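In what follows, a single structure is set out as structure tokens and then discussed.
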Amino acid sequence: MLKRENMMAMGYGLLTILILIISASLIISLLLKFTSLEEGSFNWLFYALTFITLFIGGFISGGKAKEKGWMIGLGTGLLYTLVVFFVQYLGYQDAFSMEQYVHHGTGILSAMFGGMLGVNVAK
């Protein structure tokens, strides 16, 4: 069973992920608005930023929890996926595509890896 401290650690990780994703989205949208760059040129960057932010969120949540890093990272990645799913499904009435399942699955693995490293760095 998850302890309150572990839930708080996952909350910190999720908050970190959301802040980083929103900040990166703002920067990219400003680049698209004020330069001649097109959205298609950022596809690889979107994937990389997602994996990096999920890794950082897992790292922070693992460091805060100081135990069970893979499980805390898994929970953090699943929380992020759940938030994205609810926004997409409730806001746009659209379910995940197979590509999104793969994308979120690898993102969850990235958060798990970050959680494992976060626990080991915190000790």
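Excluded from the calculations below are hydrogen atoms, water molecules and symmetry mates; all remaining heavy atoms, backbone and side chain alike, are included. Source: prediction; values computed, not measured.
Ring geometry for F46 versus F42: interplanar angle of 30 to 60°, hence tilted.
In summary, of the residues considered (I19, I17, L18), a side-chain contact (heavy atoms from CB on, under 4.5 Å) with I21 occurs for I17 alone. Among T76, L74, I72, the single residue meeting the side-chain contact (heavy atoms from CB on, under 4.5 Å) criterion with M112 is L74.
To the nearest 0.5 angstrom, I56 atom CD1 is 9.0 Å from T16 atom OG1. Atoms CD1 and CD1, on I27 and I22 in that order, are 12.5 Å from each other to the nearest 0.5 Å. Of the inter-residue distances, the one linking L117 atom CG with F59 atom CZ reads 6.5 Å to the nearest 0.5 angstrom. Residue L78 holds its CG atom at 11.0 Å from CG of L14, rounded to the nearest 0.5 Å. Residue W70 holds its CH2 atom at 12.0 Å from CG of L109, rounded to the nearest 0.5 Å. Interatomic distance, CE of M71 versus CE of M10, reported as 7.5 Å (0.5 Å rounding).
Contacts classified as side-chain hydrogen bond (donor to acceptor under 3.5 Å, both in side chains) and involving residues 77-87 (residues at least two apart or in different chains) are given here: T81-H104.
Connection of Y89 to L82 is established within a shared hydrophobic cluster, with ILVMFWY side chains joined at heavy-atom distances below 4.5 Å, either directly or through further cluster members. Hydrophobic clustering (ILVMFWY, side-chain heavy atoms < 4.5 Å, transitive): F34 and L26 are in one cluster. Cluster membership check: L15 does not share its hydrophobic cluster with M8, using side-chain heavy-atom separations under 4.5 Å among Ile, Leu, Val, Met, Phe, Trp and Tyr. If you chain together hydrophobic residues whose side chains sit under 4.5 Å apart, L31 and L45 fall into the same group. Residues V84 and Y47 are members of separate hydrophobic clusters, defined by side-chain heavy-atom contacts under 4.5 angstrom among Ile, Leu, Val, Met, Phe, Trp and Tyr.
Contact check for I28 versus L49: side-chain heavy atoms found under the 4.5 Å cut-off. Under the 4.5 Å side-chain criterion, counting only non-hydrogen atoms from C-beta, E67 is not in contact with V119.
Between the side chain of T106 and the main chain of V102, a donor-acceptor pair closer than 3.5 Å is present.
For the residue pair Q93 and Q88, no side-chain donor N or O sits within less than 3.5 Å of a side-chain acceptor on the partner.
Within 6.0 Å of atom CZ in F85, more than 12 heavy atoms from other residues, nucleotides or ligands are found, so the atom counts as buried in its surroundings.
Pairing each heavy atom of S61 with each of A9, the nearest pair is CB-O, 3.1 Å. Here the shortest heavy-atom pairing between F51 and S110 reads O-OG, 2.9 Å.
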Apply the test side chain to side chain contact (heavy atoms under 4.5 Å, CB included) to residues L54 and I108: give CA-CA distance (whole Å), side-chain angles for both, the deciding distance (0.1 Å), then the verdict.
-> CA-CA 7 Å; L54 280 165; I108 290 170; over 6 Å; no
